Structures are given as C-alpha cells and as structure tokens.
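Let me begin by presenting the structure, written as structure tokens, before commenting on it.
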Amino acid sequence: MTPLIEVRGLRKVYTRTHWWQKRPPFLALDNVDLAIQSGQTMALVGESGSGKTTLAMCLVGLEPPDAGEIWFEGKNLLAPGANKRAKVGSEIQLVFQDSAGALSPRMSAAQIIEEPLLICRRGSSKERSELVLEMMGQVGLSPTWKDRLPHQFSGGQRQRLAIARALVLKPKLVILDEALTGLDLSIQGQIMNLLLDLQELEGLSYLYISHNLELAAQVAHEMGVIYQGRIVERASPSEFFSHPHHPHTQALLASMPLRLTYSAHGGG
C-alpha cells in the first residue's frame, strides 16, 4: 500500500554565521526516512534539539530541506520544476505547541478559523461562516464564543481553537508538534480523545511529535525515535516498549519514572 506521506533521505543543515563570529554548520536532519499510512498515527519522540520540529517545518514547507524527497500520495513534492507543494498545501497542516503564540491576539475565534478559507478562496461568506461554527462545535467549543479573542480562552480551549483552524481545510495529514505539552493532565486527556475521535470520523493521519513517551504511546500506531537528526528506531508501541533496540531508545525508557503499560491502538 502506498503511504499517504513518505520521506526519503531528508537532510537539513543550518549555517550559523554572524558578522562577528562564524560557527560550524549544524546538521539538524541527517538522512531521515519515515512513512505514514492513511488513517494512521506515527509518534516521533526525541529530546530537545533532536530535529523533531525541523522535520515538521520541512514537511509543511516552512523550511526547505537541503536534500531528500517528500512523497505525498505518490507525488514527489520536491521534484525539480514541480509545483506540487502549493497544490497539497491545504492537505498538510501543522498545530504548534504554543497556541497562544500561534493565534493572532487581535482576531476573534471565528476570524482565526476562517482565515485559511479566505487564503485558499474557499466558499462564500455564508458557507465559511457556517463551516466555522461547525468546526467550533466539532472541537468542543461553543459557537456562541465565536467573537471571543484568544486571551479569553483557557489554554486547552486555545489548543482546540488551533486544531479547528488546522482542520477547517479538511487536511489529510495533521502534524502535532508538542501539541499537548504544558496542558494539565485532564486537558491532555480531553484533547487526546478529541484527536482520536476526529481521526476515526475524518480518516485523518497524524504525525505526533513529542518528548513524552507515555502520551505518544497512547495515540500511536507506530513509534519512532529521532536522535541527533536521525531516526534510530521504528516499531509498534508494544514492540517499542518491550524490545527496544537502539541505546538511545533504551536510555529514554530507563529515564521514565515508571514503565507504563501502553493501552493505545490494540495495546494492553
């Protein structure tokens, strides 16, 4: 089966040159390979600076990789002369960790959700307004809150707002970059259940990026570990926790306060 998205040999190098100082280049991604099937979730875990966010930025086109291929529904988005990135832009969406920083403080909830529709010239004004209210209800926000500003929402509600904005274009892949980090445990559970419900309802695929192994295990069909810009391990959640192979994976598991019994997709 052809994956929804497949990354082959992705490489990203940052040059760190200032007028007063020249530093060695930083290799953020080093020959990264991964694949996600339609309707599935891959959880990618790793420490700060391991390359997780750089990978997310490359996948949505916010950072240009220096080498490699990104295939989406069988098409190479990075092929020379191809303008496929623009055509699939609405089908790959990113939800950041800091919802407060990602949402304009001067825009109402309705305007925030509607903005992607305006950019992509989707629907009439009436159709957009109806879809905005539908999306608010779908993510558990009261449509009566449509005129509220971001600061009038709680942290969990802002994250729901960010998710509604990401989903309004009906994407096929949603990248969640530490999207539950910093939320209270009860709110984490609510958002996680929301994501799983939406996945079942819409057939969404997720790339769930986190440093939290326990959260990752609860949403993943497959887990991967990224270390120093390379994906060093990929396995099902049950195999990941019972038979880790790479030393860094073993170290991550050993650092957990308790060895969890994962209970996500088919786990026990």
Side-chain angles (χ1 to χ4, degrees), residues 1-8 10 32-44 52-65 68-79 82-96 99 102 112-123 127-128 131-132 134-139 159-180 191-210 216 219-224 231 234 264-265:
M1 182 184 298
T2 302
L4 175 67
I5 190 165
E6 183 175 9
V7 174
R8 304 175 186 172
L10 207 65
V32 168
D33 296 330
L34 65 82
I36 305 173
Q37 298 291 339
S38 181
Q40 301 280 296
T41 298
M42 179 175 184
L44 190 63
K52 306 186 301 296
T53 295
T54 298
L55 176 60
M57 301 287 271
C58 288
L59 293 183
V60 296
L62 295 177
E63 285 285 358
E69 300 175 347
I70 300 174
W71 291 77
F72 187 82
E73 294 188 318
K75 302 178 180 65
N76 184 6
L77 304 184
L78 303 179
N83 191 27
K84 299 181 178 67
R85 169 69 73 182
K87 295 179 181 178
V88 303
S90 64
E91 297 183 345
I92 305 175
Q93 292 293 303
L94 174 61
V95 178
F96 293 97
S99 57
I112 286 169
I113 299 172
E114 184 186 19
E115 186 179 32
L117 297 170
L118 289 170
I119 293 171
C120 295
R121 300 180 181 179
R122 298 273 186 93
E127 289 170 336
R128 291 194 302 271
L131 184 54
V132 165
E134 177 187 331
M135 290 307 306
M136 290 188 71
Q138 197 170 45
V139 301
Q159 201 61 295
R160 290 173 185 265
L161 183 58
I163 292 170
R165 176 186 168 89
L167 296 184
V168 75
L169 292 174
K170 305 298 182 184
K172 296 179 180 178
L173 173 67
V174 179
I175 301 171
L176 302 150
D177 187 6
E178 299 281 9
L180 303 183
I191 300 294
M192 185 180 300
N193 289 332
L194 167 66
L195 293 171
L196 294 175
D197 289 344
L198 291 171
Q199 183 174 51
E200 184 175 353
L201 180 66
E202 303 288 346
L204 292 168
S205 298
Y206 293 135
L207 175 58
Y208 180 80
I209 295 173
S210 180
V219 299
H221 295 87
E222 182 181 24
M223 294 186 66
I231 295 183
R234 287 174 57 183
H265 302 279

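Positions are given from 1, in the same order as the sequence printed here. Keep in mind that the numbers below use all heavy atoms, side chains included, and drop hydrogens, waters and symmetry copies. The structure presented is a predicted model; accordingly, all values stated were derived computationally and were not measured.
- The main-chain N or O of I112 is found under 3.5 Å from a side-chain atom of R165 such that the two form a donor-acceptor pair.
- Listed here is the closest heavy atom pair of L44 and K52: O-CD, 4.0 Å.
- Shortest non-hydrogen contact noted between R8 and W71 is NH1-NE1, 3.3 Å.
- With contacts defined as side-chain heavy-atom distances shorter than 4.5 Å, the pair I36/P3 does not qualify.
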Does the pair I231 and D33 meet the rule for a side chain to side chain contact (heavy atoms under 4.5 Å, CB included), with working shown? CA-CA 7 Å; I231 295 183; D33 296 330; over 6 Å; no
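- The closest side-chain heavy-atom distance from I113 to L161 is below 4.5 Å.
- Two residues are said to be in side-chain contact when any heavy atoms from C-beta on lie closer than 4.5 Å; L169 and Q93 meet this criterion.
- Atom-to-atom distance recorded for I5:CD1 and S38:OG is 12.0 Å, nearest 0.5 angstrom.
- Distance check, rounded to the nearest 0.5 Å: CE of M57 to CG of L94 gives 7.5 Å.
- In this structure, R128 contributes its side chain and G123 its backbone to a donor-acceptor pair below 3.5 Å.
- M192 places a side-chain heavy atom less than 4.5 Å from the side chain of L180.
- We find the CZ-CG distance between F72 and L59 to be 10.5 Å, quoted to the nearest 0.5 Å.
- Here the OH atom belonging to Y208 is positioned 10.0 Å from the CE atom belonging to M223, to the nearest 0.5 angstrom.
- When all heavy atoms are compared, the tightest approach of C58 to L10 is CB-CD2, 4.0 Å.
- Here the CG-NZ distance, from L117 to K170, works out to 9.5 Å after rounding to the nearest 0.5 Å.
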Show your working on side chain to side chain contact (heavy atoms under 4.5 Å, CB included) between M42 and L34 and close with a plain yes or no. CA-CA 9 Å; M42 179 175 184; L34 65 82; 4.1 Å; yes
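- In this structure, P65 and L78 have side chains that are in contact, with non-hydrogen atoms separated by less than 4.5 Å.
- Checking side-chain atoms of S205 against main-chain N and O of L173 turns up no donor-acceptor pair under 3.5 Å.
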Evaluate the side chain to side chain contact (heavy atoms under 4.5 Å, CB included) criterion for residues L195 and Y206: first the C-alpha distance (whole Å), next the side-chain angles of each, then the deciding distance (0.1 Å), finally the verdict. CA-CA 9 Å; L195 293 171; Y206 293 135; 3.9 Å; yes
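- The distance from atom CD of E178 to atom CG of L176, rounded to the nearest 0.5 Å, is 10.5 Å.
- Considering only heavy atoms from C-beta on, E222 comes within 4.5 Å of R234 through its side chain.
- Between L204 and P171, the shortest heavy-atom contact is CD2-O, 3.1 Å.
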Does the side chain to side chain contact (heavy atoms under 4.5 Å, CB included) test come out yes or no for I92 and K172, once each step is laid out? CA-CA 6 Å; I92 305 175; K172 296 179 180 178; over 6 Å; no
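- At a threshold of 4.5 Å between non-hydrogen side-chain atoms, the residues T2 and E73 do not count as touching.
- Between V95 and D177 the shortest side-chain heavy-atom distance does not fall below 4.5 Å.
- Counted by atom type alone, Q138 and E202 present one or more donor-acceptor pairs between their side chains at under 3.5 Å.
- In this structure, a donor-acceptor pair under 3.5 Å is present between the side chains of Q199 and T41.
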